[in-house]
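Naming: A, B, ... by sequence-line order, numbering from 1 per chain. The basis for the numbers below is simple: all heavy atoms, side chains too, and nothing from hydrogens, waters or symmetry mates.
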2 protein chains.
Amino acid sequence: MTTARRAILKALENSEDHPDALMLHDRAKEFDPTIAQATVYRTMRLLEQEGLVEKHDFGNGRARYEEAEKEQHDHLINLSTGEIIEFHDTDLEALKIEIAKRLGFDLKDHRLELYGVPKE
Amino acid sequence: MTTARRAILKALENSEDHPDALMLHDRAKEFDPTIAQATVYRTMRLLEQEGLVEKHDFGNGRARYEEAEKEQHDHLINLSTGEIIEFHDTDLEALKIEIAKRLGFDLKDHRLELYGVPKE
DNA sequence: ATAAATATGCGAATGAGTTGCATATGCAGT
DNA sequence: ACTGCATATGCAACTCATTCGCATATTTAT
Ligand SMILES: [Mn+2]
Ligand SMILES: [Mn+2]
Ligand SMILES: [Zn+2]
Ligand SMILES: [Zn+2]
């Protein structure tokens, strides 16, 4: 456990907005001003492999991250603002498993993003 | 309408496997042996903007394409083989719209991929 | 056929992410 | 606290998909 890794972990804990590696680098600098970009990338890869972090691609070119601990959820992206809203739906989870089964597969993973604009 | 574009369109029509730009380049060479990589990229971007083609990211580094004409569907990726299976589920479509509405949004787009391994 | 508009090929540029390597740091074991 | 080794870091160079500039070729409109 190094200074750099502690800094990144703290930056991630303080973030509620699914930050990308650049954002994490900036935020981690507050705790370790000398931290390098490459260290952020390396650490995020490690954390993802350890299952401590989830990596998402919301289609903006950069991967975005969040802690893996929270309860399972999917994302809705507000196309007007870029804001990411989390949601969980039990029926949806069940349906995904059911559809995979119907096709002859055991569901191992999935990726679901909804893109919408505010109603009205 | 140019020779290159016709070649790419034919390559795409002949493909049932959600090809990436490299695959399309290879396949288009059969109809236009001098076609350049850059032309494939430019043409796919154009076709996507025109709504004639759908671009997918199945997490393999390269974007993959398919004609947009066919009926709306989502994808299940066989993790054992990489094979892409298409499916359509009315309940799922309705549920996605319903969830967005519940969150206060009109659903404009979505991305759903299931990753699974063959049952048993 | 001619000219203006567009598309192409090529190679260079971009940008996120990775990696080699020399140095620095963390962590035993003393 | 001191030493030694394993591991992590910073930096710069690299990779790889995709984009872009530009001179030339192809299309399309006249
Ligand atoms: Mn989910
Ligand atoms: Mn769908
Ligand atoms: Zn989330
Ligand atoms: Zn498809």
task: Would you check, one step at a time, whether the test salt bridge (charged side-chain N to carboxylate O under 4.0 Å, His left out) holds for B:Glu13 with B:Lys10?
output: CA-CA 5 Å; B:Glu13 283 160 18; B:Lys10 268 193 274 184; over 6 Å; no
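When ring centroids are compared, B:Phe58 and B:His75 come within the 6.0 Å threshold.
Listed by chain and number, the residues in a side-chain hydrogen bond (donor to acceptor under 3.5 Å, both in side chains) with A:Tyr41 amount to none (sequence neighbours excluded).
Following rounding to the nearest Å, B:Asp32 (CG) and C:dA7 (C1') show an atom-to-atom distance of 12 Å. At whole-Å resolution of the value, CD in A:Gln37 and C1' in C:dT19 are 15 Å apart.
The shortest heavy-atom contact between B:Arg64 and B:His18 is NE-O, 2.6 Å. Contact detail for A:Arg27 and A:Pro19: the closest heavy-atom pair is NH1-CB, 3.9 Å. Of all the heavy atoms in B:Lys96 and B:Asp74, the pair that sits closest is NZ-OD2, 3.0 Å. The two residues A:Ala100 and B:Leu114 come nearest to each other via the heavy atoms N-CD1, 4.3 Å.
Under a 3.5 Å cut-off, the side chain of A:Thr81 and the backbone N or O of A:Glu83 do form a donor-acceptor pair. Remark: side-chain polar atoms of B:His110 are not paired, donor with acceptor, to backbone N or O of B:Lys108 under 3.5 angstrom. Remark: side-chain polar atoms of A:Thr39 are not paired, donor with acceptor, to backbone N or O of A:Ile35 under 3.5 angstrom.
Judged as a side-chain hydrogen bond (donor to acceptor under 3.5 Å, both in side chains), the pairs with a partner in residues 46-61 of chain A (not counting sequence neighbours) are, in order, A:His56-A:Glu66.
Heavy-atom contacts of chain B under 4.0 Å fall on DNA chain D between two terminal nucleotides, which in 5' to 3' order are D:dA17 to D:dT28.
A salt bridge is defined here as a Lys NZ or Arg NE, NH1 or NH2 lying under 4.0 Å from an Asp or Glu carboxylate O, and B:Glu98 with B:Lys101 fails to meet this definition.
Annotation: the terminal axes of the helix from C:dA1-D:dT30 to C:dT30-D:dA1 meet at 40°, where each axis is the rotation carrying the C1' atoms of four end pairs onto the next four (5 pairs per end, rounded to 10°).
Summarising the geometry, atom CG belonging to A:Asp106 is positioned 12.0 Å from atom CG belonging to A:Leu103; distances are rounded to the nearest 0.5 Å.
Listed by residue number, the members of residues 2-30 of chain A with any heavy atom below 4.0 angstrom from DNA chain D are A:Thr2, A:Ala4, A:Arg5. For DNA chain D, the neighbouring residues in residues 40-52 of chain B, judged by any heavy atom under 4.0 Å, are B:Tyr41, B:Arg42, B:Arg45.
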